[in-house]
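All remarks here apply to the structure that follows.
Everything numeric in this text was worked out from a predicted model, so none of it was measured. Note that these values count all heavy atoms, side chains included, but never hydrogens, waters or copies made by symmetry.
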Amino acid sequence: MASLITHPNLPAPDDFYEALIDLHRGLTEAQSALVNAKLVLLLANHVGDTDVLRAAMAAAREDVVVASPEDSP
Amino acid sequence: MAFTHPVYEYRRAPELAGQGEHRGAIVVGAGPVGLTTAIDLAQRGVAVLVLDDDDTVSVGSRAICYSKRTLEILDRLGCGEAIAAQGVSWQVGKVYQGDTLAYHFDLLPDSGHRRPAFVNLQQYYLEAALVERAQALRNVELRWRHQVVAVAQDDARVTVGVDTADGRYDLTCDWLVVCDGARSPVRRMLGLDFEGQVFRDRFLIADIRMTSDFPAERRFWFNPPFHPEHSVLLHRQPDNVWRVDFQLGWDADPEAEKQPERIVPRLRAMLGGQAQFTLEWASVYTFQCRRMRRFRHGRLLFAGDAAHLVSPFGARGANSGIQDAENVAWKLALVLRGDASSALLDSYDAERVAAADENLAASTRATDFITPKSAVSRVFRDAVLALARRHPFARTLVNSGRLSVPAVHRDSPLNTPDTEVFEGALVPGAVAADAPVAGPHGHWLLPCLGGDFTLLAFGDAVTTTDACALAQGAVPCRVVRVGGARPDALVDRDGLVAARYDGRDGTCYLVRPDQHVCARWRAFDLARVQEALARATARLVAPTPVR
């Protein structure tokens with residue numbers, strides 16, 4: 001069973017980060033949100049492993065404090 | 001031709017004259033679920049009384065999509081052909097974003113099935129056909145305008161108070177099957193729980209009559225230009241009637257939206273200014289996803305909308321209710337005959353609660369897609385729809401309602417778990433698949449299985465002596481052979497029985513009276529079949545020993 005890779009795995013981290021920021025250049029907040037959502041969906045399908053995706057979701061949510069009970073899932 | 005509502009005759013209860021007797025089973029509610037239960041019980045030799053507070057069939061088209069499994073159940077109950085012939089068959093669904101086709105699905109892509117994936121038919125036609133069938137059965141008594149106003153039970157019996165135009169009377173019975181709908185008066189008078197959630201959205205149903213060459217497909221639009229920011233669903237029904245379902249949003253005024261002067265412009269925007277149509281029926285609804293915690297409460301068995309409610313997207317309301325009916329009927333018949341203890345009825349609860357949860361999950365997920373509850377949920381929904389135009393993977397995420405399929409009772413206590421390897425979908429708990437055959441009972445497998453326990457045996461492995469032993473058991477089991485040399489064996493004319501059941505010489509499937517598989521083996525062994533029969537009728541509770 002594959003596990004979520006959290007050690008450095010990007011061959012050129014700075015290039016990736018720049019591309020990610022560039023991806024959103026000139027977009028409104030709403031457009032950026034849509035592009036991010038599409039990106040998540042495309043990458044999720046590429047990963048295709050439920051355990052890895054769940055581990056990534058948990059890691060993404062870690063340390064994010066829920067402000068009020070109504071906002072909890 | 002427009003439908004004319006029949007009026008079923010009210011009759012004065014003999015109990016009001018001091019006559020009448022204790023009964024085995026009474027059904028509350030003469031809707032699709034109550035009528036199905038009554039017919040199924042009666043066909044199994046149980047005399048049944050049905051009480052309904054009305055004297056006609058449903059007003060408005062209401063539930064219109066009946067699944068392949070529902071048709072198969074109705075086939076067993078003697079009215080499948082009438083419904084299939086009257087309904088509009090369909091199997092293709094198309095989903096649009098804006099005015100662009102995002103994707104389409106085919107619910108029954110392979111051939112070799114007697115019944116289509118779905119037929120669309122107004123609920124009143126289904127009810128009228130079921131009433132006609134029930135009236136043809138000697139041991140069904142239908143009492144119209146007999147309203148249940150009180151229910152009490154003790155260890156020995158249920159007492160039902162009934163109100164009529166001629167006064168009130170009491171009935172007693174062993175078992176009460178409660179099919180009195182979403183607002184279930186019986187559930188309410190007993191103060192039983194009905195937990196779940198209400199969705200904050202409103203929908204308009206407009207049934208219109210028009211001549212159109214639109215194909216018989218399910219069409220669903222997200223954010224179409226003729227109804228921006230909301231969804232629209234279109235279904236074809238018989239008599240040139242079309243069901244249009246407009247999402248309105250939570251803030252819509254339900255009374256105002258029901259008025260023709262509001263509805264007609266919406267339809268003109270959709271169908272074009274020149275379209276000729278007349279409005280048949282309109283209704284504004286909200287929906288809830290909820291269920292009772294348990295469907296069996298002592299001598300009361302709740303079924304259909306009385307027990308569980310889902311959103312309409314997926315056609316899981318009436319179809320799952322009819323599966324409840326068929327699940328409860330054979331079990332109750334065995335209990336009333338004394339061939340099984342009332343413990344068998346606990347499996348009704350276990351199986352149909354699990355099925356309801358499956359339907360609730362499917363329905364809630366579809367609802368979350370159609371009516372996103374948060375800004376981010378809406379962003380993901382739009383992202384899926386945008387990606388679906390170009391990328392096949394995203395089409396699997398588009399959810400305009402996952403259409404009803406029969407529940408697989410995977411974890412049922414009545415199943416004997418597999419000890420051998422099988423391919424395909426027919427695991428213990430699944431509905432037996434239909435397939436073309438040639439045999440004494442026609443051209444399809446399911447009618448050959450009938451309505452009793454059946455051992456479907458591939459080849460000649462089951463001897464006449466073994467078949468007699470099974471036929472004469474505590475719970476009788478018929479043997480139906482496929483292939484092999486015997487003259488009464490079914491011929492697997494297209495090889496689809498073997499393919500769908502992963503059947504080889506010696507393979508045996510034990511099929512329940514409701515046509516669900518409950519055990520299967522690669523070789524026949526009388527003792528193992530008898531043990532599985534005992535388990536499937538709750539006469540054996542110990543876990544299967546590993547062989």
- Message: Quick check for you: among A:Asn36, A:Leu34, A:Val40, which has the greatest number of heavy-atom pairs under 4.5 Å with chain B?
- Response: A:Leu34

- Verify the neighbour count for atom CZ of B:Arg389: are there more than 12 heavy atoms of other residues, nucleotides or ligands below 6.0 Å? yes

- In Å and rounded to the nearest 0.5 Å, what is the NE2 to CG distance from B:His391 to A:Leu42? 5.5 Å

- Message: Counting only heavy atoms not in B:Asp418 (residues, nucleotides, ligands), do more than 12 fall under 6.0 Å from its CG?
- Response: yes

- Query: Should we say atom CZ of B:Arg365 is surrounded by more than 12 heavy atoms from elsewhere, each under 6.0 Å from it?
  - Reply: no

- A:Ala37 and B:Val379: which non-hydrogen atoms are nearest, and at how many Å? CB-CG1, 3.7 Å

- Query: Measuring heavy-atom distances to chain A, does B:Val376 have an atom under 4.5 Å in its side chain, in its backbone, in both, or in neither?
  - Reply: neither

- Counting only heavy atoms not in A:Tyr17, do more than 12 sit closer than 6.0 Å to its OH atom? no

